[in-house]
Amino acid sequence: MDTEKQAKIIEPVIYDLGSAGRKVSTLLPECDVPETELPSELLRDDLDLPEVSELDVVRHFVKLSQLNYAIDKGFYPLGSCTMKYNPKIDEDTARLPGFAMLHPMQDPDSTQGALALMYTLQGWLAEIAGFSACSLQPAAGAQGELAGILMIRAYHVDRGDTARTRILVPNSAHGTNPATSSMAGFTVVELPSNDDGDVDLEALRREADESVAGMMITVPSTLGVFDKNIQEIIKIVHDCGGLMYMDGANMNALLGVIKPGELGFDVMHYNLHKTFSTPHGGGGPGAGPVAVNDRLKDFLPGPVVTIVEEPNELEAAPLYGWTMPSKSIGRLKAFHGNFGMHVRAYTYIRMHGDEGINAISRHAVLNANYIRVRLADTYKVPYNRMCGHEVVVEGHFEDAPGIHALDISKRLMDYGIHPPTNYFPLIVPEALLIEPTESESKETLDYFIEVMKTIAAEAKENPDLLHSAPHVTPVSRVDEVLAAKQLVLCCRPVTVG
Ligand SMILES: *Cc1c(COP(=O)(O)O)cnc(C)c1O
């Protein structure tokens with residue numbers, strides 16, 4: 001066949017649309033800062049940018065934005081990440097000029113509204129998890145973990161107990177848990193899980209001694225299950241003098257059901273960008289507040305918001321200010337955390353109220369269990385018991401030996417679904433960690449389940465279809481190793497092989 005005739009007409013990209021002189025159509029706002037000379041080494045004459053009309057620019061960026069996948073576009077069951085819908089009202093409040101235009105160096109007298117919001121949020125987060133105090137400062141879950149572990153270290157050192165050098169971490173923990181412990185200078189002791197996915201209690205008893213500073217445990221674990229022996233675990237660690245850290249990134253399963261502080265945990269971090277719907281992805285700003293019991297509250301990172309003057313006859317509202325906890329581990333961030341995230345989380349909690357908060361978790365857990373039960377006849381569910389807000393299945397089949405979890409994930413994209421988390425948790429072969437979240441309808445869950453079953457059938461009948469997937473995305477199967485090693489950061493379009 002004549003290849004000339006087959007050639008497609010390629011739509012011009014923005015770089016080809018440029019024509020000298022068109023830049024007059026761009027109206028820049030007037031400069032509102034004094035002009036200064038820039039250092040000459042930062043200047044260049046040969047910047048080769050296309051001169052295009054406003055319409056061309058708008059189309060360019062709208063097209064780019066539509067290449068991205070987002071929760072606003074489709075189902076996003078990325079396990080451990082809680083990709084729930086981010087209500088637009090959160091965005092409205094975060095953009096209120098009184099919040100958005102604040103400067104962190106402003107005098108507290110002129111930021112009382114923001115401080116009141118932070119003070120209230122600190123209180124709610126402490127209350128929801130059953131703790132007595134909270135600091136909003138950490139900018140991510142992992143930084144909240146670091147804060148927690150540094151507090152545990154400071155607590156022991158403060159008591160003159162410097163022999164505690166080990167942190168216990170179950171092998172079902174999130175990868176950040178051992179990383180955090182080792183960053184804080186501790187030796188990480190990995191604990192095995194038993195056949196149910198719970199911590200092996202015998203192994204825990206063997207390790208629990210005076211060299212243990214504490215234990216970091218993810219609840220529910222990354223296997224999606226709630227450890228049946230959690231109270232026993234807490235007791236064993238406390239009895240040997242260690243403190244208990246709960247990784248609270250999975251609080252979406254526990255809101256209004258269990259208060260970790262009441263269970264006996266000493267410290268926990270939240271991921272506001274997971275549980276409380278502040279958007280995340282692409283490395284955007286997060287928030288990982290830490291909540292603690294009385295034992296640790298003087299060690300919180302700070303400053304934290306406190307009431308410096310109670311209401312009186314003249315002032316109906318209290319006066320808020322910044323206070324450094326007496327034995328604080330110090331600052332974790334130049335200012336006060338990612339405030340925009342605090343406004344969004346505040347809005348989300350306020351919109352739900354206490355009963356709504358509980359409904360979040362009940363629906364998240366129901367949705368995950370619905371998927372678990374309906375997929376169990378097609379996919380192997382290694383821990384097939386009541387799960388929390390996510391469920392792990394194995395992405396391989398005995399009668400389709402060439403198919404891996406990755407192939408299933410890539411094929412899901414052809415059906416307009418974001419892949420689940422792959423190859424994590426590490427202790428499950430070919431793991432697919434599926435987290436539907438509470439925001440999805442039954443119809444969406446049914447569509448996902450049907451697609452997963454269809455892909456399982458395709459895996460056996462036409463495995464090549466999976467191996468070459470995805471077929472409908474702008475870029476098909478990429479060589480992920482090469483893509484990471486030979487980054488193409490050029491803004492010019494490149495031909496992808
Ligand atoms: C996401 C997550 C973390 C890390 O949180 P970041 O905000 O990404 O730093 C820690 N533990 C668990 C269980 C998580 O799911």
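Whatever order the structure lists ligands and atoms in, that order sets their numbers, starting from 1. The structure displayed is predicted, hence computed values, not measured ones.
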S.K.: With a 4.0 Å cut-off, would you call Glu430 and Lys380 a salt bridge?
M.R.: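 Looking at Lys380 together with Glu430, the answer is no, because their closest N to O distance does not fall below 4.0 Å.
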
S.K.: Yes or no on side chain to side chain contact (heavy atoms under 4.5 Å, CB included) for Ile307 and Tyr320, after CA distance, side-chain angles and deciding distance?
M.R.: CA-CA 5 Å; Ile307 292 181; Tyr320 298 98; 3.7 Å; yes

S.K.: For ligand 1, which is the ligand I care about here, please tell me if Asn271 has any N or O atom under 3.5 Å from one of the ligand's N or O atoms.
M.R.: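 Between Asn271 and ligand 1, an N or O pair is found under 3.5 Å apart.
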
S.K.: Determine whether the side chain, the backbone, both or neither of Ser80 has a heavy atom under 4.0 Å from any heavy atom of ligand 1.
M.R.: both

S.K.: Using 4.0 Å as the upper bound for N to carboxylate O, is an ion pair formed by Asp198 and Arg385?
M.R.: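 So Arg385 pairs with Asp198 through a salt bridge.
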
S.K.: Check the pair Arg344 / Tyr348 against side-chain hydrogen bond (donor to acceptor under 3.5 Å, both in side chains), numbers first and verdict last.
M.R.: CA-CA 6 Å; Arg344 289 174 175 89; Tyr348 190 72; over 6 Å; no

S.K.: Would you say ligand 1 has an N or O under 3.5 Å from any N or O of Lys274?
M.R.: yes

S.K.: Taking N or O atoms only and a 3.5 Å limit, does Ala142 qualify as a polar contact for ligand 1?
M.R.: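 Between Ala142 and ligand 1, an N or O pair is found under 3.5 Å apart.
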
S.K.: Could you tell me whether Lys453 and Glu450 have a side-chain N and a carboxylate O separated by less than 4.0 Å?
M.R.: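 The answer is no: the pair does not qualify as a salt bridge.
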
S.K.: Is the shortest side-chain N to carboxylate O distance from Lys84 to Glu440 below 4.0 Å?
M.R.: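 Answer for the salt bridge query: no.
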
S.K.: N/O to N/O below 3.5 Å, does that happen between Asn250 and ligand 1?
M.R.: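 No: no nitrogen or oxygen of Asn250 is under 3.5 Å from one in ligand 1.
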
S.K.: Looking at side-chain heavy atoms only, is the closest gap between Val392 and Leu432 below 4.5 Å?
M.R.: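 They are not in contact (no side-chain heavy atoms under 4.5 Å apart), so the answer is no.
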
S.K.: Out of all atoms in ligand 1, which are within 4.0 Å of some heavy atom of Thr218? Include the element for each.
M.R.: 13 (C)

S.K.: To which protein heavy atom is atom 11 (N) of ligand 1 closest, and what is the distance rounded to 0.1 Å?
M.R.: Asp247 OD2, 2.5 Å

S.K.: Between Ala287, Ala179, Gly141, flag the one that comes closest to atom 6 (P) of ligand 1 by a heavy atom.
M.R.: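 Of the listed residues, Gly141 has the closest heavy atom.
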
S.K.: Taking only heavy atoms of Ala140 into account, list the atoms of ligand 1 that are under 4.0 Å away from them.
M.R.: 7 (O), 9 (O)

S.K.: For ligand 1, which atoms, with element, lie under 4.0 Å from some heavy atom of Ala249?
M.R.: 2 (C), 11 (N), 12 (C), 13 (C), 14 (C), 15 (O)

S.K.: Identify the two heavy atoms, one from His389 and one from Asn252, that lie closest to each other, and give their separation to 0.1 Å.
M.R.: CD2-CB, 3.9 Å

S.K.: Using 4.0 Å as the upper bound for N to carboxylate O, is an ion pair formed by Glu390 and Arg372?
M.R.: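 Looking at Arg372 and Glu390, the cut-off is not met.
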
S.K.: For ligand 1, does Gln143 get within less than 4.0 Å through its side chain, its backbone, both, or neither, judged by non-hydrogen atoms?
M.R.: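 It is neither; nothing of Gln143 touches ligand 1.
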
S.K.: Please could you name the atoms of ligand 1 that Glu145 approaches to less than 4.0 Å, counting only its heavy atoms?
M.R.: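 This gives 10 (C), 11 (N) as the contact atoms.
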
S.K.: Does some non-hydrogen atom of His280 fall short of 4.0 Å from ligand 1?
M.R.: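 No, His280 has no heavy atoms under 4.0 Å from ligand 1.
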
